[in-house]
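It should be emphasised that the depicted structure is a prediction, and the values quoted were computed from it without experimental measurement.
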Amino acid sequence: MRIIPAEQFNLSREVEYGTPAQNEAAREIVEAVRKEGDAALLRYTEQHDKVKLDAGSLRVTEAEINAAYEHVDAAFLTAIRKAAANIRAFHEKQKRNSWMDLQPDGTLLGQIIRPLKRVGVYVPGGKAAYPSSVLMNVIPAQVAGVPEIVMVTPPSTGGQDGINPFILVAAAEAGVKEMYRVGGAQAIAALAYGTETIEPVDKITGPGNIYVALAKRLVFGVVDIDSIAGPSEIAVLADDTANPVYVAADLLSQAEHDEMASSILVTASRPLAEAVSQEVERQLKELPREEIARKSIESYGAILLTPSVDEGIEAINKLAPEHLEIMTKDPMELLGRIENAGAIFIGDYSSEPVGDYFAGPNHILPTNGTARFSSPVNVDDYIKKSSLIHYSKEALLQNGKHIIALARHEGLEGHARAIEVRLEQERNT
């Protein structure tokens with residue numbers, strides 16, 4: 001793993017969202033599904049997933065879900081249930097309530113909070129299936145009170161046997177009742193525009209491949225989306241008290257995701273840097289996904305040497321990583337100086353997979369430096385807010401002249417007159 005001075009590393013990571021050909025392919029699929037509905041959905045499913053379906057077999061049946069339980073082991077079932085309980089408990093603390101404020105002049109102001117009516121959750125297949133992502137998408141929506149949650153996933157996440165049973169069980173445990181065997185850009189288009197079989201949703205969440213990301217960008221505005229997710233990232237801020245075995249293992253925990261995943265160690269300790277570099281190489285050889293992880297480390301991995309911890313924190317805040325681990329003598333002392341990170345893991349035993357699977361906070365996090373201005377998926381992502389204004393006559397008589405002045409300053413006479421006619425009528429009665 002390369003060791004370089006921090007000042008020689010480009011701390012702003014720009015990721016292009018697809019080639020022109022990929023963008024055009026995604027656009028073609030989205031437009032076809034919008035216009036043709038099920039016919040295009042089934043055609044692209046056969047073309048890209050090599051699975052021939054008809055409209056009647058798109059929806060996963062209750063019998064299939066029940067049968068999936070026979071293919072998962074007891075240890076998985078126990079783990080997924082404990083994780084779901086932790087995730088639910090964490091997100092319950094994020095709930096907000098509507099409120100109203102009655103003022104002395106009789107004016108009533110407030111905010112009404114309602115859940116979205118229908119949300120679509122995309123669960124990827126591809127290089128790996130992620131039951132944990134089912135929980136992270138579904139449970140916050142449930143806590144928010146979303147009444148209709150629909151899941152889509154490619155029809156062959158489990159190989160020739162169809163959908164991965166662990167995904168089906170995770171969805172069932174999370175409480176999903178409506179599931180469809182469809183993936184890719186065609187699934188995103190179906191959720192956004194609806195087809196004869198799949199009703200449209202208000203928001204789409206969940207990670208996917210480049211075509212899923214491009215399709216989500218295309219349908220944004222017709223529906224809401226969570227984000228355009230980039231490759232996974234981890235940064236570790238460590239000093240000479242850190243265990244190089246732990247640091248190397250955590251860097252590789254993200255590198256194995258994808259060839260474009262980014263794993264960065266930031267430290268002022270050259271002995272730690274050298275030890276971690278050697279340890280990464282040793283552990284790489286033991287990983288089943290060595291080829292993916294090695295490409296990630298070689299292309300997007302680095303150990304940044306800084307003159308001091310202060311410069312290390314500055315580098316972290318510029319990186320704005322998706323995941324940040326702090327492995328220093330007193331990590332809590334540094335916490336208040338971290339401005340930009342999706343999730344922060346404190347101490348030697350807060351390894352990133354603790355957050356990925358079990359602790360409770362959401363693992364769907366901002367990537368590509370967007371932690372500078374965005375947040376992990378949370379309950380607020382599944383609600384909408386309406387402002388409430390009940391203005392009293394007394395308040396309008398008192399403040400109408402100010403409203404008129406502002407309206408006329410902006411050249412909007414109709415706005416001013418809407419207030420003025422009321423003031424004139426009240427004066428004449």
Side-chain angles (χ1 to χ4, degrees), residues 1-16 127 229-329 331 334 338 340-345 348 351-353 356 365-372:
M1 195 168 184
R2 54 189 172 143
I3 302 173
I4 58 178
E7 64 271 15
Q8 295 180 14
F9 187 78
N10 181 8
L11 293 171
S12 62
R13 187 182 183 206
E14 297 181 6
V15 176
E16 291 291 331
K127 293 176 181 175
S232 189
E233 309 158 355
I234 187 171
V236 179
L237 179 63
D239 62 17
D240 54 11
T241 67
N243 186 325
V245 176
Y246 295 172
V247 174
D250 292 354
L251 293 172
L252 292 174
S253 73
Q254 293 309 291
E256 73 172 353
H257 267 297
D258 188 274
E259 291 91 341
M260 293 182 67
S262 172
S263 301
I264 306 291
L265 168 62
V266 179
T267 184
S269 170
R270 177 167 282 280
L272 177 70
E274 292 173 350
V276 169
S277 180
Q278 294 171 9
E279 188 62 28
V280 164
E281 181 58 34
R282 186 188 70 79
Q283 293 188 30
L284 262 173
K285 297 173 182 176
E286 300 174 351
L287 277 182
R289 294 166 68 89
E290 178 188 355
E291 184 177 354
I292 292 172
R294 187 173 293 280
K295 287 181 180 178
S296 166
I297 291 294
E298 290 174 353
S299 300
Y300 299 102
I303 298 173
L304 308 188
L305 268 179
T306 61
S308 68
V309 172
D310 289 341
E311 281 87 353
I313 293 172
E314 185 178 338
I316 290 295
N317 285 328
K318 288 180 180 178
L319 281 168
E322 178 187 18
H323 307 94
L324 170 64
E325 293 185 359
I326 306 177
M327 293 190 192
T328 59
K329 184 177 180 180
L334 306 180
I338 301 299
N340 303 321
I344 304 171
F345 301 78
D348 288 350
S351 179
E352 189 275 339
D356 262 0
L365 304 166
T367 60
N368 290 341
T370 59
R372 292 178 293 109

Quiz item: For Ser263 and Leu252, what are the C-alpha separation, side-chain angles and deciding distance, and is it a side-chain contact (heavy atoms from CB on, under 4.5 Å)?
Solution: CA-CA 7 Å; Ser263 301; Leu252 292 174; over 6 Å; no
Quiz prompt | Any side-chain donor near an acceptor of the partner, Asp239 and Thr241, under 3.5 Å | solution = yes
Practice problem: Please indicate whether Glu291 has more than 12 foreign heavy atoms, meaning atoms of other residues, nucleotides or ligands, lying under 6.0 Å from its CD. | Solution: no
Quiz item: What are the two closest non-hydrogen atoms of Ala242 and Pro244, and how far apart are they?
Solution: O-CD, 3.4 Å
Quiz prompt | side-chain contact (heavy atoms from CB on, under 4.5 Å) evaluation trace for Arg270 with Leu305 | solution = CA-CA 7 Å; Arg270 177 167 282 280; Leu305 268 179; 3.1 Å; yes
Exercise. Might you work through the side-chain contact (heavy atoms from CB on, under 4.5 Å) test for Met327 and Asp348, ending with a clear yes or no?
Key: CA-CA 6 Å; Met327 293 190 192; Asp348 288 350; 3.9 Å; yes
Practice problem: For the residue pair Arg294 and Lys285, establish whether any side-chain heavy-atom pair is separated by less than 4.5 Å. | Solution: yes
Exercise. Rounded to the nearest 0.5 Å, what's the gap from CG on Leu265 to CD1 on Ile3? Could you check?
Key: 8.5 Å
Quiz item: Taking all non-hydrogen atoms of both residues, which atom of Ser296 and which atom of Asp258 are closest, and how far apart?
Solution: CB-O, 3.4 Å
Practice problem: Nearest 0.5 Å please: distance from the CZ atom of Arg289 over to the NE2 atom of His257. | Solution: 8.5 Å
Practice problem: Please check if the side chain of Thr267 supplies one atom and the backbone of Ala238 the other of a donor-acceptor pair under 3.5 Å. | Solution: yes
Self-check item: Rounded distance [0.5 Å steps], CZ in Phe9 versus OG1 in Thr306
Solution: 13.5 Å
Exercise. Go through the steps for Glu298 and Lys295 under the test salt bridge (Lys or Arg N to Asp or Glu O under 4.0 Å), then give the verdict.
Key: CA-CA 5 Å; Glu298 290 174 353; Lys295 287 181 180 178; over 6 Å; no
Exercise. Return the minimal non-hydrogen interatomic distance between Ala371 and Gly342, and the atom names on each side.
Key: CB-N, 3.7 Å
Quiz item: If you take all heavy atoms of Gly369 and Glu233, which pair is closest and at what distance?
Solution: N-OE2, 4.1 Å
Self-check item: Note, Thr328 side chain near Val309 side chain (heavy atom, < 4.5 Å)
Solution: no
Self-check item: Option among Leu324, Ile313, Ile316 that satisfies the side-chain contact (heavy atoms from CB on, under 4.5 Å) test with Val266
Solution: Ile316
Practice problem: Check the pair Ile338, Asn317 against side-chain contact (heavy atoms from CB on, under 4.5 Å), reporting the backbone distance first and the verdict last. | Solution: CA-CA 6 Å; Ile338 301 299; Asn317 285 328; 4.2 Å; yes
Quiz prompt | Nearest-0.5 Å distance that lies between atom OH in Tyr300 and atom CD in Gln254 | solution = 15.5 Å
Quiz item: How far does CG of Leu319 sit from CG of Asn368, to the nearest 0.5 angstrom?
Solution: 12.0 Å
Quiz item: Taking atom CD1 of Ile297 and atom CD of Glu290, what is their separation to the nearest 0.5 Å?
Solution: 11.5 Å
Quiz item: If you take all heavy atoms of Glu322 and Pro231, which pair is closest and at what distance?
Solution: OE1-O, 4.4 Å
Quiz item: Between Glu352 and Ser253, what is the shortest heavy-atom contact and its length?
Solution: OE1-OG, 3.8 Å
Quiz item: Is there a side-chain contact between Ile4 and Leu304, using heavy atoms and a 4.5 Å cut-off?
Solution: yes
Exercise. Check whether any side-chain N or O of Ser277 sits under 3.5 Å from a backbone N or O of Met1 as a donor-acceptor pair, and report yes or no.
Key: yes
